[in-house]
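One structure below.
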Amino acid sequence: MSDDHQTLALLLFSAFIAVTLGITSWVGHNRRGSAEEFYVGGRLFSPMENGFAIAGDYMSAASFLGISGLIALFGYDGMLYSVGFLVAWLVVLFLVAELVRNCGRFTLADVVASRMRERPVRIAAGTSSVTVSVLYLVAQMVGAGSLVALLLGGTSEAARSWTVIGVGALMVIYVSLGGMRATTWIQIVKAVLLMAGAIVMTVLVLTRFHGDFNQLLNTAAERSGHGKDFLSPGLKYGGDWTARLDFISLGLALVLGTAGLPHILSRFYTVPTARAARRSVVWSIGLIGSFYLMTIVLGFGAAAVVGTDEVRKSNAAGNTAVPLLALDLGGGAGSTGGTVLFAVVAAVAFATILAVVAGITLASSASVAHDLYASLRRRHARQHSEVAVARLAAAGIGLAAIALGLLARDLNVAFLVGLAFAVAASANLPVLLYSLFWRSFTTRGAVWSVYGGLVPALLLVVLSPVVSGSPEALFPGVDFHVFPLQNPGLVSIPLGFLAGWIGTATSAEQPDGAKHAETEVRALTGAGAV
(Lines give C-alpha, C1' and ligand atoms only; values in the text may rest on other atoms or scores of the structure.)
Protein backbone atom coordinates (compact mmCIF):
# COMPACT_ATOMS: atom_id res chain seq x y z
CA MET A 1 0.00 0.00 0.00
CA SER A 2 1.11 3.55 -0.69
CA ASP A 3 2.21 6.03 1.95
CA ASP A 4 -1.05 7.93 1.34
CA HIS A 5 -3.09 4.88 2.36
CA GLN A 6 -1.04 4.36 5.46
CA THR A 7 -1.08 7.98 6.56
CA LEU A 8 -4.80 8.58 6.02
CA ALA A 9 -5.90 5.28 7.55
CA LEU A 10 -3.65 5.75 10.54
CA LEU A 11 -5.05 9.27 11.03
CA LEU A 12 -8.60 7.86 11.00
CA PHE A 13 -7.58 5.05 13.37
CA SER A 14 -6.11 7.66 15.69
CA ALA A 15 -9.22 9.85 15.48
CA PHE A 16 -11.53 6.97 16.45
CA ILE A 17 -9.24 5.88 19.27
CA ALA A 18 -9.08 9.48 20.54
CA VAL A 19 -12.89 9.82 20.46
CA THR A 20 -13.48 6.51 22.24
CA LEU A 21 -10.83 7.22 24.85
CA GLY A 22 -12.52 10.60 25.37
CA ILE A 23 -15.87 8.85 25.94
CA THR A 24 -14.22 6.42 28.34
CA SER A 25 -12.51 9.21 30.27
CA TRP A 26 -15.71 11.27 30.50
CA VAL A 27 -17.74 8.31 31.72
CA GLY A 28 -14.98 7.35 34.13
CA HIS A 29 -15.23 10.74 35.82
CA ASN A 30 -19.02 10.58 36.03
CA ARG A 31 -19.65 7.08 37.37
CA ARG A 32 -20.81 6.12 40.84
CA GLY A 33 -18.44 3.16 41.10
CA SER A 34 -21.12 0.60 42.01
CA ALA A 35 -21.28 -2.91 40.55
CA GLU A 36 -24.56 -2.07 38.81
CA GLU A 37 -22.96 0.96 37.17
CA PHE A 38 -19.84 -0.96 36.08
CA TYR A 39 -21.56 -4.14 34.84
CA VAL A 40 -24.80 -2.80 33.28
CA GLY A 41 -24.46 0.99 33.06
CA GLY A 42 -27.10 1.62 35.73
CA ARG A 43 -29.79 0.00 33.48
CA LEU A 44 -30.49 3.44 31.99
CA PHE A 45 -30.31 2.77 28.24
CA SER A 46 -33.36 3.02 25.99
CA PRO A 47 -34.41 0.12 23.73
CA MET A 48 -33.14 1.95 20.65
CA GLU A 49 -29.77 2.75 22.24
CA ASN A 50 -29.42 -0.80 23.49
CA GLY A 51 -30.51 -2.19 20.11
CA PHE A 52 -27.75 -0.22 18.39
CA ALA A 53 -25.29 -1.37 21.07
CA ILE A 54 -26.31 -5.02 20.63
CA ALA A 55 -25.85 -4.66 16.89
CA GLY A 56 -22.48 -3.03 17.51
CA ASP A 57 -21.53 -5.88 19.82
CA TYR A 58 -22.64 -8.57 17.39
CA MET A 59 -21.43 -7.17 14.04
CA SER A 60 -17.83 -8.07 14.67
CA ALA A 61 -14.69 -8.44 12.59
CA ALA A 62 -16.02 -11.90 11.75
CA SER A 63 -19.02 -10.29 10.08
CA PHE A 64 -17.37 -7.41 8.24
CA LEU A 65 -14.06 -9.03 7.29
CA GLY A 66 -14.48 -12.78 7.76
CA ILE A 67 -17.86 -13.50 6.16
CA SER A 68 -17.20 -11.26 3.16
CA GLY A 69 -13.84 -12.98 2.75
CA LEU A 70 -15.37 -16.46 2.88
CA ILE A 71 -17.97 -15.47 0.28
CA ALA A 72 -15.20 -14.07 -1.94
CA LEU A 73 -13.31 -17.38 -1.64
CA PHE A 74 -16.11 -19.96 -1.56
CA GLY A 75 -19.22 -18.24 -2.92
CA TYR A 76 -22.49 -19.87 -1.83
CA ASP A 77 -20.92 -21.83 1.04
CA GLY A 78 -19.42 -18.67 2.52
CA MET A 79 -22.86 -17.09 2.47
CA LEU A 80 -24.09 -19.73 4.94
CA TYR A 81 -22.35 -17.82 7.72
CA SER A 82 -24.51 -14.75 7.02
CA VAL A 83 -27.67 -16.85 7.15
CA GLY A 84 -26.65 -18.64 10.35
CA PHE A 85 -25.68 -15.48 12.22
CA LEU A 86 -28.97 -13.82 11.32
CA VAL A 87 -31.34 -16.75 11.97
CA ALA A 88 -29.76 -17.11 15.42
CA TRP A 89 -31.49 -13.91 16.51
CA LEU A 90 -34.90 -15.55 16.22
CA VAL A 91 -33.81 -18.00 18.93
CA VAL A 92 -32.67 -15.07 21.08
CA LEU A 93 -35.89 -13.10 20.53
CA PHE A 94 -38.39 -15.90 21.17
CA LEU A 95 -36.59 -18.00 23.78
CA VAL A 96 -34.20 -16.02 25.96
CA ALA A 97 -34.19 -12.20 25.75
CA GLU A 98 -37.14 -11.33 27.97
CA LEU A 99 -36.77 -14.33 30.29
CA VAL A 100 -33.07 -13.71 30.91
CA ARG A 101 -33.71 -10.04 31.66
CA ASN A 102 -36.34 -10.95 34.25
CA CYS A 103 -34.40 -13.76 35.97
CA GLY A 104 -30.86 -12.42 36.12
CA ARG A 105 -28.94 -9.45 37.39
CA PHE A 106 -25.54 -9.21 35.70
CA THR A 107 -24.47 -12.57 34.19
CA LEU A 108 -25.68 -15.90 32.79
CA ALA A 109 -24.92 -17.57 36.13
CA ASP A 110 -27.51 -15.33 37.85
CA VAL A 111 -30.28 -16.99 35.83
CA VAL A 112 -29.20 -20.54 36.69
CA ALA A 113 -28.30 -19.82 40.33
CA SER A 114 -31.72 -18.34 41.04
CA ARG A 115 -33.08 -21.87 41.71
CA MET A 116 -29.90 -23.91 42.37
CA ARG A 117 -27.07 -24.06 44.93
CA GLU A 118 -25.11 -20.97 43.98
CA ARG A 119 -21.46 -21.90 44.50
CA PRO A 120 -21.04 -24.88 42.08
CA VAL A 121 -23.34 -23.35 39.49
CA ARG A 122 -21.56 -19.99 39.48
CA ILE A 123 -18.13 -21.62 39.21
CA ALA A 124 -19.24 -23.76 36.25
CA ALA A 125 -21.11 -21.00 34.40
CA GLY A 126 -18.36 -18.45 35.08
CA THR A 127 -15.66 -20.78 33.76
CA SER A 128 -17.67 -21.45 30.61
CA SER A 129 -18.40 -17.75 30.02
CA VAL A 130 -14.74 -16.79 30.30
CA THR A 131 -13.72 -19.60 27.92
CA VAL A 132 -16.24 -18.56 25.27
CA SER A 133 -15.26 -14.91 25.62
CA VAL A 134 -11.55 -15.60 25.17
CA LEU A 135 -12.21 -17.68 22.04
CA TYR A 136 -14.34 -14.86 20.63
CA LEU A 137 -11.65 -12.30 21.48
CA VAL A 138 -9.03 -14.28 19.55
CA ALA A 139 -11.05 -13.83 16.35
CA GLN A 140 -11.11 -10.05 16.80
CA MET A 141 -7.37 -9.97 17.43
CA VAL A 142 -6.71 -11.96 14.25
CA GLY A 143 -8.91 -9.55 12.28
CA ALA A 144 -6.99 -6.55 13.62
CA GLY A 145 -3.66 -8.12 12.73
CA SER A 146 -4.75 -8.92 9.16
CA LEU A 147 -6.11 -5.42 8.65
CA VAL A 148 -3.04 -3.53 9.78
CA ALA A 149 -0.68 -5.96 8.00
CA LEU A 150 -2.51 -5.11 4.76
CA LEU A 151 -2.25 -1.42 5.53
CA LEU A 152 1.49 -1.61 6.16
CA GLY A 153 2.33 -3.73 3.15
CA GLY A 154 0.84 -7.15 3.84
CA THR A 155 4.05 -8.89 4.86
CA SER A 156 5.01 -7.39 8.20
CA GLU A 157 4.67 -10.07 10.89
CA ALA A 158 5.96 -7.59 13.45
CA ALA A 159 3.18 -5.13 12.53
CA ARG A 160 0.53 -7.82 13.00
CA SER A 161 1.96 -8.79 16.35
CA TRP A 162 2.16 -5.23 17.65
CA THR A 163 -1.39 -4.56 16.41
CA VAL A 164 -2.73 -7.51 18.40
CA ILE A 165 -0.88 -6.24 21.48
CA GLY A 166 -2.16 -2.69 20.93
CA VAL A 167 -5.79 -3.78 20.57
CA GLY A 168 -5.47 -5.86 23.73
CA ALA A 169 -4.12 -2.88 25.66
CA LEU A 170 -6.89 -0.57 24.42
CA MET A 171 -9.67 -2.99 25.36
CA VAL A 172 -8.31 -3.27 28.89
CA ILE A 173 -8.29 0.54 29.17
CA TYR A 174 -11.89 0.85 27.89
CA VAL A 175 -13.24 -1.71 30.31
CA SER A 176 -11.17 -0.77 33.35
CA LEU A 177 -11.91 2.95 33.17
CA GLY A 178 -15.36 3.18 31.63
CA GLY A 179 -17.28 -0.04 32.38
CA MET A 180 -20.55 -0.78 30.62
CA ARG A 181 -21.60 2.82 30.05
CA ALA A 182 -18.48 3.71 28.04
CA THR A 183 -18.51 0.34 26.26
CA THR A 184 -22.14 0.86 25.20
CA TRP A 185 -21.53 4.30 23.71
CA ILE A 186 -18.45 3.03 21.89
CA GLN A 187 -20.59 0.24 20.41
CA ILE A 188 -23.34 2.68 19.37
CA VAL A 189 -20.82 4.93 17.58
CA LYS A 190 -19.25 1.89 15.94
CA ALA A 191 -22.64 0.49 14.80
CA VAL A 192 -23.50 3.80 13.09
CA LEU A 193 -20.09 3.94 11.39
CA LEU A 194 -20.25 0.31 10.27
CA MET A 195 -23.77 0.58 8.84
CA ALA A 196 -22.83 3.79 7.00
CA GLY A 197 -19.67 2.20 5.59
CA ALA A 198 -21.49 -0.98 4.52
CA ILE A 199 -24.27 1.02 2.84
CA VAL A 200 -21.77 3.14 0.86
CA MET A 201 -19.81 0.08 -0.24
CA THR A 202 -22.95 -1.85 -1.21
CA VAL A 203 -24.25 1.07 -3.28
CA LEU A 204 -20.88 1.39 -5.05
CA VAL A 205 -20.76 -2.34 -5.85
CA LEU A 206 -24.30 -2.35 -7.25
CA THR A 207 -23.58 0.86 -9.19
CA ARG A 208 -20.52 -0.78 -10.76
CA PHE A 209 -22.86 -3.46 -12.16
CA HIS A 210 -25.68 -0.99 -12.98
CA GLY A 211 -27.94 -2.45 -10.31
CA ASP A 212 -27.94 -5.86 -11.99
CA PHE A 213 -27.36 -8.40 -9.20
CA ASN A 214 -27.41 -11.26 -11.72
CA GLN A 215 -24.51 -9.68 -13.60
CA LEU A 216 -22.65 -9.30 -10.31
CA LEU A 217 -23.06 -13.01 -9.52
CA ASN A 218 -22.06 -14.12 -13.01
CA THR A 219 -18.94 -11.94 -12.98
CA ALA A 220 -18.03 -13.24 -9.53
CA ALA A 221 -18.39 -16.82 -10.78
CA GLU A 222 -16.17 -16.10 -13.81
CA ARG A 223 -13.41 -14.42 -11.79
CA SER A 224 -13.48 -17.00 -9.00
CA GLY A 225 -11.90 -19.71 -11.11
CA HIS A 226 -14.69 -22.13 -10.17
CA GLY A 227 -17.32 -21.15 -12.75
CA LYS A 228 -20.95 -21.93 -11.88
CA ASP A 229 -19.81 -24.12 -8.95
CA PHE A 230 -19.07 -20.85 -7.15
CA LEU A 231 -22.81 -20.14 -6.97
CA SER A 232 -23.81 -23.65 -5.91
CA PRO A 233 -23.57 -25.50 -2.58
CA GLY A 234 -20.57 -27.70 -1.99
CA LEU A 235 -17.45 -25.69 -2.81
CA LYS A 236 -16.31 -25.68 0.83
CA TYR A 237 -18.80 -28.00 2.54
CA GLY A 238 -19.51 -30.44 -0.27
CA GLY A 239 -17.95 -33.61 -1.52
CA ASP A 240 -17.29 -36.26 1.10
CA TRP A 241 -19.39 -37.02 4.19
CA THR A 242 -16.93 -35.20 6.48
CA ALA A 243 -17.46 -31.87 4.74
CA ARG A 244 -21.24 -32.29 4.79
CA LEU A 245 -21.28 -33.14 8.48
CA ASP A 246 -19.02 -30.13 9.07
CA PHE A 247 -21.64 -27.94 7.41
CA ILE A 248 -24.41 -29.31 9.66
CA SER A 249 -22.16 -28.82 12.68
CA LEU A 250 -21.43 -25.22 11.70
CA GLY A 251 -25.11 -24.48 11.13
CA LEU A 252 -26.07 -25.82 14.56
CA ALA A 253 -23.32 -23.80 16.24
CA LEU A 254 -24.24 -20.53 14.52
CA VAL A 255 -28.00 -20.80 15.06
CA LEU A 256 -27.83 -21.96 18.69
CA GLY A 257 -24.64 -20.25 19.82
CA THR A 258 -25.83 -16.63 19.91
CA ALA A 259 -28.26 -17.36 22.75
CA GLY A 260 -25.32 -18.57 24.85
CA LEU A 261 -22.85 -15.74 24.22
CA PRO A 262 -22.08 -14.00 27.54
CA HIS A 263 -21.52 -10.54 26.03
CA ILE A 264 -24.88 -10.68 24.23
CA LEU A 265 -26.80 -11.94 27.27
CA SER A 266 -25.29 -9.20 29.46
CA ARG A 267 -26.70 -6.52 27.17
CA PHE A 268 -30.26 -7.44 28.19
CA TYR A 269 -29.50 -6.18 31.71
CA THR A 270 -28.65 -2.65 30.57
CA VAL A 271 -32.32 -1.70 30.01
CA PRO A 272 -34.84 -1.07 32.80
CA THR A 273 -37.48 -3.71 31.92
CA ALA A 274 -38.01 -7.01 30.10
CA ARG A 275 -40.24 -5.26 27.57
CA ALA A 276 -37.38 -2.90 26.80
CA ALA A 277 -35.07 -5.93 26.37
CA ARG A 278 -37.46 -7.44 23.83
CA ARG A 279 -37.74 -4.14 21.94
CA SER A 280 -33.93 -3.90 21.97
CA VAL A 281 -33.74 -7.24 20.16
CA VAL A 282 -36.26 -6.06 17.56
CA TRP A 283 -34.11 -2.98 16.89
CA SER A 284 -30.96 -5.11 16.68
CA ILE A 285 -32.56 -7.65 14.30
CA GLY A 286 -33.45 -4.84 11.88
CA LEU A 287 -29.91 -3.49 11.91
CA ILE A 288 -28.18 -6.87 11.86
CA GLY A 289 -30.47 -8.25 9.14
CA SER A 290 -29.76 -5.29 6.88
CA PHE A 291 -26.05 -5.60 7.51
CA TYR A 292 -25.83 -9.31 6.70
CA LEU A 293 -27.68 -8.79 3.44
CA MET A 294 -25.02 -6.22 2.57
CA THR A 295 -22.16 -8.62 3.44
CA ILE A 296 -23.48 -10.94 0.71
CA VAL A 297 -23.18 -8.12 -1.84
CA LEU A 298 -19.72 -7.19 -0.55
CA GLY A 299 -18.45 -10.77 -0.64
CA PHE A 300 -19.59 -11.45 -4.19
CA GLY A 301 -18.48 -7.93 -5.09
CA ALA A 302 -14.94 -8.69 -3.89
CA ALA A 303 -14.88 -11.85 -6.01
CA ALA A 304 -16.21 -9.97 -9.06
CA VAL A 305 -14.19 -6.74 -8.78
CA VAL A 306 -10.95 -7.82 -7.09
CA GLY A 307 -10.91 -11.49 -8.05
CA THR A 308 -10.72 -14.54 -5.81
CA ASP A 309 -7.04 -15.15 -6.56
CA GLU A 310 -6.07 -11.60 -5.57
CA VAL A 311 -8.05 -11.88 -2.33
CA ARG A 312 -6.35 -15.16 -1.48
CA LYS A 313 -2.93 -13.77 -2.41
CA SER A 314 -3.39 -10.85 0.01
CA ASN A 315 -4.62 -13.04 2.86
CA ALA A 316 -5.05 -16.81 2.55
CA ALA A 317 -8.09 -16.76 4.86
CA GLY A 318 -9.81 -13.94 2.93
CA ASN A 319 -9.83 -11.46 5.82
CA THR A 320 -8.76 -8.51 3.63
CA ALA A 321 -11.39 -8.87 0.88
CA VAL A 322 -13.44 -5.80 1.90
CA PRO A 323 -10.52 -3.33 2.20
CA LEU A 324 -9.22 -4.51 -1.20
CA LEU A 325 -12.71 -4.05 -2.67
CA ALA A 326 -12.85 -0.51 -1.25
CA LEU A 327 -9.50 0.32 -2.84
CA ASP A 328 -10.70 -0.85 -6.26
CA LEU A 329 -14.14 0.79 -6.03
CA GLY A 330 -12.60 4.12 -5.11
CA GLY A 331 -10.48 4.19 -8.26
CA GLY A 332 -7.67 1.74 -7.64
CA ALA A 333 -4.25 1.92 -6.05
CA GLY A 334 -2.69 5.38 -6.22
CA SER A 335 -5.98 7.22 -6.82
CA THR A 336 -7.31 9.75 -4.32
CA GLY A 337 -10.73 8.08 -4.23
CA GLY A 338 -9.21 4.66 -3.66
CA THR A 339 -6.96 5.98 -0.92
CA VAL A 340 -9.82 7.70 0.90
CA LEU A 341 -12.30 4.80 0.63
CA PHE A 342 -9.68 2.22 1.62
CA ALA A 343 -8.69 4.29 4.64
CA VAL A 344 -12.30 4.84 5.72
CA VAL A 345 -13.18 1.13 5.42
CA ALA A 346 -10.00 0.10 7.23
CA ALA A 347 -10.75 2.58 10.02
CA VAL A 348 -14.36 1.37 10.32
CA ALA A 349 -13.16 -2.24 10.50
CA PHE A 350 -10.64 -1.28 13.18
CA ALA A 351 -13.39 0.56 15.09
CA THR A 352 -15.51 -2.59 14.82
CA ILE A 353 -12.78 -4.66 16.41
CA LEU A 354 -12.15 -2.23 19.27
CA ALA A 355 -15.85 -1.95 20.14
CA VAL A 356 -16.47 -5.69 20.09
CA VAL A 357 -13.41 -6.59 22.16
CA ALA A 358 -14.48 -4.04 24.78
CA GLY A 359 -17.92 -5.67 25.11
CA ILE A 360 -16.53 -9.20 25.31
CA THR A 361 -13.85 -8.24 27.82
CA LEU A 362 -16.42 -6.56 30.05
CA ALA A 363 -18.70 -9.62 30.01
CA SER A 364 -15.87 -12.02 30.80
CA SER A 365 -14.39 -9.84 33.55
CA ALA A 366 -17.90 -9.61 35.08
CA SER A 367 -18.05 -13.43 35.09
CA VAL A 368 -14.67 -13.64 36.82
CA ALA A 369 -15.58 -11.10 39.52
CA HIS A 370 -19.32 -11.67 40.02
CA ASP A 371 -19.31 -15.46 39.63
CA LEU A 372 -15.86 -16.93 40.26
CA TYR A 373 -14.40 -14.47 42.77
CA ALA A 374 -17.60 -14.07 44.76
CA SER A 375 -17.97 -17.87 44.94
CA LEU A 376 -14.40 -18.91 45.61
CA ARG A 377 -12.94 -16.12 47.74
CA ARG A 378 -15.63 -14.37 49.68
CA ARG A 379 -19.14 -15.64 50.03
CA HIS A 380 -20.48 -12.10 50.36
CA ALA A 381 -17.97 -10.08 48.37
CA ARG A 382 -18.60 -6.39 48.66
CA GLN A 383 -19.56 -4.57 45.48
CA HIS A 384 -16.56 -2.26 45.35
CA SER A 385 -14.12 -5.20 45.74
CA GLU A 386 -15.97 -7.07 42.97
CA VAL A 387 -15.48 -4.12 40.62
CA ALA A 388 -11.77 -3.97 41.51
CA VAL A 389 -11.43 -7.67 40.71
CA ALA A 390 -13.31 -7.15 37.43
CA ARG A 391 -10.77 -4.51 36.40
CA LEU A 392 -7.87 -6.83 37.22
CA ALA A 393 -9.61 -9.67 35.38
CA ALA A 394 -9.90 -7.49 32.26
CA ALA A 395 -6.09 -7.22 32.20
CA GLY A 396 -5.63 -10.97 32.63
CA ILE A 397 -8.17 -11.81 29.93
CA GLY A 398 -6.52 -9.27 27.64
CA LEU A 399 -3.15 -11.01 28.05
CA ALA A 400 -4.68 -14.43 27.31
CA ALA A 401 -6.45 -13.12 24.19
CA ILE A 402 -3.24 -11.46 22.95
CA ALA A 403 -1.26 -14.70 23.32
CA LEU A 404 -3.87 -16.81 21.52
CA GLY A 405 -4.40 -14.11 18.88
CA LEU A 406 -0.69 -14.23 18.00
CA LEU A 407 -0.89 -18.03 17.72
CA ALA A 408 -4.02 -18.16 15.51
CA ARG A 409 -3.29 -15.18 13.25
CA ASP A 410 -3.47 -17.14 9.97
CA LEU A 411 -7.02 -18.49 10.49
CA ASN A 412 -10.20 -16.91 9.09
CA VAL A 413 -11.92 -14.74 11.69
CA ALA A 414 -15.44 -15.96 10.83
CA PHE A 415 -14.23 -19.55 11.21
CA LEU A 416 -12.74 -18.73 14.64
CA VAL A 417 -16.01 -17.17 15.74
CA GLY A 418 -17.78 -20.33 14.58
CA LEU A 419 -15.70 -22.26 17.14
CA ALA A 420 -16.67 -19.80 19.90
CA PHE A 421 -20.34 -20.19 18.94
CA ALA A 422 -20.00 -23.98 19.12
CA VAL A 423 -18.61 -23.80 22.65
CA ALA A 424 -21.34 -21.34 23.70
CA ALA A 425 -24.07 -23.57 22.24
CA SER A 426 -22.58 -26.66 23.91
CA ALA A 427 -21.92 -25.29 27.42
CA ASN A 428 -24.18 -22.28 28.00
CA LEU A 429 -27.37 -22.86 26.01
CA PRO A 430 -28.35 -26.26 27.51
CA VAL A 431 -28.07 -25.06 31.12
CA LEU A 432 -29.91 -21.84 30.28
CA LEU A 433 -32.86 -23.58 28.60
CA TYR A 434 -33.08 -26.32 31.24
CA SER A 435 -33.08 -23.71 34.03
CA LEU A 436 -35.83 -21.70 32.40
CA PHE A 437 -38.13 -24.49 31.24
CA TRP A 438 -37.46 -27.78 33.14
CA ARG A 439 -39.13 -28.02 36.53
CA SER A 440 -37.09 -31.04 37.68
CA PHE A 441 -33.66 -29.60 36.84
CA THR A 442 -31.14 -29.88 39.70
CA THR A 443 -27.78 -28.40 40.70
CA ARG A 444 -25.91 -31.53 39.58
CA GLY A 445 -27.71 -31.37 36.24
CA ALA A 446 -26.68 -27.73 35.83
CA VAL A 447 -23.01 -28.40 36.58
CA TRP A 448 -22.87 -31.52 34.42
CA SER A 449 -24.63 -29.70 31.59
CA VAL A 450 -21.99 -26.94 31.53
CA TYR A 451 -18.93 -29.19 31.79
CA GLY A 452 -20.53 -31.91 29.65
CA GLY A 453 -20.68 -29.45 26.76
CA LEU A 454 -17.58 -27.36 27.48
CA VAL A 455 -14.99 -30.10 27.92
CA PRO A 456 -15.94 -32.17 24.82
CA ALA A 457 -16.17 -29.02 22.68
CA LEU A 458 -12.66 -27.88 23.64
CA LEU A 459 -11.22 -31.41 23.44
CA LEU A 460 -12.69 -32.01 19.98
CA VAL A 461 -11.26 -28.69 18.73
CA VAL A 462 -7.80 -29.70 19.99
CA LEU A 463 -8.11 -33.08 18.27
CA SER A 464 -9.51 -31.61 15.03
CA PRO A 465 -7.79 -30.55 11.76
CA VAL A 466 -7.93 -26.96 13.07
CA VAL A 467 -5.00 -27.61 15.42
CA SER A 468 -2.96 -30.24 13.55
CA GLY A 469 -2.86 -32.47 10.51
CA SER A 470 -3.47 -29.95 7.71
CA PRO A 471 -1.46 -27.17 6.00
CA GLU A 472 -3.83 -24.52 7.43
CA ALA A 473 -3.69 -25.87 11.01
CA LEU A 474 -2.27 -23.99 14.01
CA PHE A 475 0.56 -26.55 14.11
CA PRO A 476 0.95 -27.69 10.48
CA GLY A 477 4.11 -29.66 11.16
CA VAL A 478 2.47 -32.25 13.43
CA ASP A 479 -0.56 -34.49 13.18
CA PHE A 480 -2.44 -35.69 16.24
CA HIS A 481 -5.97 -35.06 14.99
CA VAL A 482 -8.45 -37.91 15.40
CA PHE A 483 -11.72 -35.96 15.12
CA PRO A 484 -12.47 -35.30 11.42
CA LEU A 485 -14.74 -32.23 11.73
CA GLN A 486 -13.47 -28.65 12.03
CA ASN A 487 -16.45 -27.52 14.09
CA PRO A 488 -17.36 -29.68 17.12
CA GLY A 489 -20.99 -28.51 17.47
CA LEU A 490 -22.64 -31.58 15.96
CA VAL A 491 -21.22 -33.76 18.76
CA SER A 492 -20.69 -31.37 21.67
CA ILE A 493 -24.10 -29.61 21.63
CA PRO A 494 -26.11 -32.85 22.08
CA LEU A 495 -23.58 -33.94 24.72
CA GLY A 496 -24.27 -30.76 26.71
CA PHE A 497 -28.01 -31.45 26.73
CA LEU A 498 -27.47 -35.15 27.45
CA ALA A 499 -25.11 -34.46 30.36
CA GLY A 500 -27.66 -32.11 31.92
CA TRP A 501 -30.36 -34.77 31.70
CA ILE A 502 -28.12 -37.54 33.11
CA GLY A 503 -26.93 -35.30 35.94
CA THR A 504 -30.51 -34.49 36.90
CA ALA A 505 -31.70 -38.09 36.58
CA THR A 506 -28.91 -39.42 38.82
CA SER A 507 -29.08 -36.62 41.40
CA ALA A 508 -30.25 -37.38 44.94
CA GLU A 509 -31.25 -33.76 45.34
CA GLN A 510 -34.97 -33.12 45.22
CA PRO A 511 -35.84 -30.26 42.83
CA ASP A 512 -37.23 -27.24 44.62
CA GLY A 513 -40.72 -26.77 43.14
CA ALA A 514 -41.28 -23.51 44.99
CA LYS A 515 -38.10 -21.96 43.59
CA HIS A 516 -38.98 -23.12 40.09
CA ALA A 517 -42.45 -21.62 40.41
CA GLU A 518 -40.92 -18.36 41.65
CA THR A 519 -38.45 -18.32 38.75
CA GLU A 520 -41.19 -19.12 36.25
CA VAL A 521 -43.42 -16.31 37.49
CA ARG A 522 -40.52 -13.85 37.46
CA ALA A 523 -39.41 -14.96 33.97
CA LEU A 524 -42.88 -14.66 32.43
CA THR A 525 -44.23 -11.62 34.25
CA GLY A 526 -41.21 -9.68 35.50
CA ALA A 527 -42.54 -9.71 39.08
CA GLY A 528 -39.59 -9.39 41.44
CA ALA A 529 -37.09 -8.72 38.66
CA VAL A 530 -34.13 -6.46 39.49
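Residue numbers count from 1 along this sequence.
In this structure, Ser249 contributes its side chain and Gly489 its backbone to a donor-acceptor pair below 3.5 Å. Here the side chain of Thr504 pairs a donor or acceptor atom with the backbone of Gly500 at under 3.5 angstrom. Side-chain atoms of Ser284 come within 3.5 Å of backbone N or O of Val281 as a donor-acceptor pair.
Listed by chain and residue number, Pro262, Ile360, Ser364 satisfy the side chain to side chain contact (heavy atoms under 4.5 Å, CB included) test with Ser133 (two or more places apart in sequence, or in another chain). For Arg278, the side chain to side chain donor-acceptor pair (under 3.5 Å) criterion is met by Glu98, not counting sequence neighbours. Not counting sequence neighbours, the partners of Ser280 by the side chain to side chain donor-acceptor pair (under 3.5 Å) test are Asn50. Not counting sequence neighbours, Phe247 has no partner by the ring pair (Phe, Tyr, Trp, His ring centres under 6.0 Å) test. In this view, Asp110 and Arg122, His370 satisfy the side chain to side chain donor-acceptor pair (under 3.5 Å) rule, not counting sequence neighbours. For Tyr58, the ring pair (Phe, Tyr, Trp, His ring centres under 6.0 Å) partners at least two apart in sequence or on another chain are Trp89. In this structure, Thr442 has no side chain to side chain donor-acceptor pair (under 3.5 Å) partners at least two apart in sequence or on a different chain. Scored by the salt bridge (Lys or Arg N to Asp or Glu O under 4.0 Å) test, Arg275 finds no partners at all (sequence neighbours excluded). The side chain to side chain contact (heavy atoms under 4.5 Å, CB included) search around Ala394 returns Val175, Ser176, Thr361, Ser365, not counting sequence neighbours.
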(Q) One pair to check against side chain to side chain contact (heavy atoms under 4.5 Å, CB included): Asp57 and Thr183. What are the steps and the verdict? (A) CA-CA 9 Å; Asp57 221 350; Thr183 300; over 6 Å; no

_With side chain to side chain contact (heavy atoms under 4.5 Å, CB included) as the criterion, how do Asn487 and Phe421 come out once you've worked through the C-alpha distance, each side chain's angles and the decisive distance to 0.1 Å?_
CA-CA 10 Å; Asn487 192 294; Phe421 272 58; over 6 Å; no

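Across all their heavy atoms, Ala277 and Val271 have their closest contact at N-CG2, 3.6 Å. Scanning both residues, Leu265 and Ala259, for their nearest heavy atoms gives CD2-O, 3.5 Å. Ala109 approaches Ala125 most closely through the heavy-atom pair CB-CB, 3.7 Å. Between Ala424 and Leu261, the shortest heavy-atom contact is CB-CD2, 3.9 Å. Taking both residues in full, the closest heavy atoms of Gly301 and Leu325 are given as O-CD1, 3.7 Å, listed atom of the first, atom of the second, then distance. Scanning both residues, Ala55 and Lys190, for their nearest heavy atoms gives O-NZ, 4.3 Å.
The salt bridge (charged side-chain N to carboxylate O under 4.0 Å, His left out) contacts involving residues 422-443 comprise Arg439-Glu520, where partners must be two or more places apart or lie in separate chains.
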Just distance, no hydrogens or angles: give the donor-acceptor pairs under 3.5 Å from side chains in residues 289-297, sequence neighbours left out.
residue : atom : partner : partner atom : Å
Ser290  : OG   : Gly286  : O            : 2.8
Tyr292  : OH   : Ser63   : OG           : 2.8
Thr295  : OG1  : Ser82   : OG           : 3.0
Thr295  : OG1  : Tyr292  : O            : 2.7

Below 3.5 Å, can you tabulate the donor-acceptor pairs from side chains in residues 191-207 to any protein atom, sequence neighbours excluded?
residue : atom : partner : partner atom : Å
Thr202  : OG1  : Ala198  : O            : 2.7
Thr207  : OG1  : Val203  : O            : 2.6

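Residues Thr184 and Glu49 fail the side-chain proximity criterion, which asks for heavy atoms closer than 4.5 Å. Leu80 is not listed as a side-chain neighbour of Leu254, based on a closest heavy-atom distance of 4.5 Å or more. Contact check for Tyr434 versus Val112: no side-chain heavy atoms found under the 4.5 Å cut-off. Between Trp501 and Trp448, the closest side-chain pair of non-hydrogen atoms is not below 4.5 Å. Proximity of Phe441 to Val431: side-chain heavy atoms (C-beta onward) are separated by under 4.5 Å at one or more points.
Looking only at atom types and distance, the side chain of Arg279 has no donor-acceptor partner in the side chain of Ser46 under 3.5 Å away.
Here the straight-line distance linking atom CD1 of Ile123 with atom OH of Tyr451 works out to 6.5 Å at 0.5 Å rounding. Atom CE of residue Met48 and atom CD1 of residue Ile188 lie 8.0 Å apart, to the nearest 0.5 angstrom. The CG atom of Asp77 sits 10.5 Å away from the CD1 atom of Ile71 when rounded to the nearest 0.5 Å. Distance check, rounded to the nearest 0.5 Å: OG of Ser128 to CG of Leu454 gives 5.0 Å. Leu432 contributes atom CG, which lies 8.0 Å from atom CZ of Phe437 (distance to the nearest 0.5 angstrom). Note that NE2 of His263 and CG of Leu362 are 11.0 Å apart. Values are rounded to the nearest 0.5 Å.
Ring-plane geometry between Trp283 and Phe52 is classed as tilted, the angle between the planes lying from 30 to 60 degrees on a 0 to 90 degree scale.
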